[in-house]
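See structure below.
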Number of protein chains: 2
Amino acid sequence: MDAKTLCLGALMLGDASGYEIRKFYEDGPYSAFHAVSLGSIYPALNALLTDGLVTVCEMAQDGRPAKKVYTVTEQGKAVFMRGLEGSPGADRFRSDMLFILAFGHVLPPARRTALLDGYLEEYQRMRAELAACIDANPDVPAGRRFVRDFGLAVYEAVITYVAENRHILEDVVDDAVKEKV
Amino acid sequence: MDAKTLCLGALMLGDASGYEIRKFYEDGPYSAFHAVSLGSIYPALNALLTDGLVTVCEMAQDGRPAKKVYTVTEQGKAVFMRGLEGSPGADRFRSDMLFILAFGHVLPPARRTALLDGYLEEYQRMRAELAACIDANPDVPAGRRFVRDFGLAVYEAVITYVAENRHILEDVVDDAVKEKV
DNA sequence: GCGTCCATGTAAATGGTTACATGATTAT
DNA sequence: ATAATCATGTAACCATTTACATGGACGC
């Protein structure tokens, strides 16, 4: 998803500043499937402003820098909904870890184990974070409930798979000695 | 993973041409987690050649254009193995579909159902393809076995989740009428 | 005839991230 | 003191993908 659509999507759920949009996609339960950096949010927001899809309101805050709060216009909402009509591109699951683990059987056993431990910990951390987030606000609309539970299901599947199948990699001491690739 | 590492990785499993490397990552059981296009493979291969990490051999074929088959050098293997040492970046699961479905409860019911049907079909197709690929050659080294079974586990988790939870989105006819976002 | 697979390569276009630039406040 | 959080914005940099360029063989 391009930065403009991502910004518009966040604003559909409520007014926000660029900084807040970044937080929304970085921390929240949607971080599993989407990402945007500030370097693309700010230009996107200005482009949306030029196109009349959002309006701004500069909000002074004490003890903090002023922030620019953006609001979607009616036109912006229409454009967003129309953008949802096209057929979505295929999901992309990219993993450096799995590239490395594809050669796991020729890695030093200690490294292999460290890698698997770290991988499991990382997913367990993400699962716990998402679960906490779901517990914190259980009453979100169906769409978002579907997506965040989806995330939980994927995290769980990964954790279960790795825990149950890491032996495939760790039981190959003999093979490693034979220098098989 | 950058194109050069991806090429080197494919060549670690056997000599190949650029075209064949693309096929390896596009069709095979590794397509779930990695991707490279020809536009980045050919320049990558030439860079590896310049660095002495691979060698080429032009192979004439009858009825077909000649192909350049690349082979990893000892230095190439060493560089590749060293490249595996760094700590891998986090997994990235990006999904336009889930972005759209996050607004699924305000989509026209017919569109919503079509989207979910298509999504399920797509994952079922990928699962079947991967399963067939696994059946076709069951005896791969542990590393690759771990990765491709990982893919299968993820596909299965997605299919199960969507089948069992699509009702979350499809049961909101009432809400849609109330124009809730 | 038309599309697809084989096969390589370059260049333009794309779209992002990272780093830079600035600066106040608060927590450790 | 030092780092982190809040807050915006620009520009350099990076790596891709897409399209272009070329061309024979094979199936429909």
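Residue numbers start from 1 in every chain, and the chains themselves are labelled A, B, ... in the order their sequence lines are given, proteins ahead of strands. Please read these numbers as outputs of a predicted model, since none were measured by experiment.
Taking the side chain as every heavy atom from C-beta outward, F99(A) and Y30(B) never approach each other to under 4.5 Å. Under the 4.5 Å side-chain criterion, counting only non-hydrogen atoms from C-beta, Y70(A) is not in contact with D15(A).
For the pair E58(B) CD and dG9(C) P, the computed distance is 8 Å after rounding to whole Å. Taking atom CG of D2(B) as the reference point, atom P of dC13(D) lies 20 Å away to the nearest angstrom. Atom-to-atom, OH of Y70(B) to C1' of dT8(C) comes out at 9 Å; the value is rounded to the nearest Å. The CD1-C1' distance, from I21(B) to dC6(C), rounds to 16 Å in whole Å. Rounded to an integer number of Å, the gap from K67(B) NZ to dG24(D) C1' is 16 Å. Taking atom OH of residue Y19(A) and atom C1' of nucleotide dA24(C), one finds them 13 Å apart after rounding to whole Å. The separation between R22(A) atom CZ and dT17(C) atom C1' is 13 Å, rounded to whole Å. The distance between atom CG of L38(A) and atom P of dT18(C), rounded to the nearest whole Å, is 11 Å.
Checked for salt-bridge contact, K77(A) and E74(A) meet the test: a charged N lies under 4.0 Å from a carboxylate O. Note on E20(A) versus K67(A): salt bridge recorded, some NZ/NE/NH1/NH2 to OD/OE distance being below 4.0 Å.
G18(B) comes within contact range of the sugar-phosphate backbone alone, with a heavy-atom separation under 4.0 Å but no base atom that close.
Under 4.0 angstrom from either OP1 or OP2 of dG9(C) there lies at least one side-chain N or O belonging to K68(B). Within the 4.0 Å cut-off from OP1 or OP2 of dA7(D), at least one side-chain nitrogen or oxygen of Q61(A) is found. Contact check, S17(B) against dT8(C): a side-chain N or O comes under 4.0 Å of OP1 or OP2. Neither OP1 nor OP2 of dA15(D) sits under 4.0 Å from any side-chain N or O of S40(B). Between K23(A) and the phosphate of dC6(D), there is a side-chain N or O to OP1/OP2 separation shorter than 4.0 Å.
For the pair R64(A) and M1(A), nearest-nucleotide mapping onto DNA chain C gives the more 5' position to M1(A). Both A3(A) and P65(A) sit near DNA chain C, but only A3(A) has its closest nucleotide nearer the 5' end.
Taking a 6.0 Å sphere around CZ of R92(B), one finds it holds 12 or fewer heavy atoms contributed by other residues, nucleotides or ligands.
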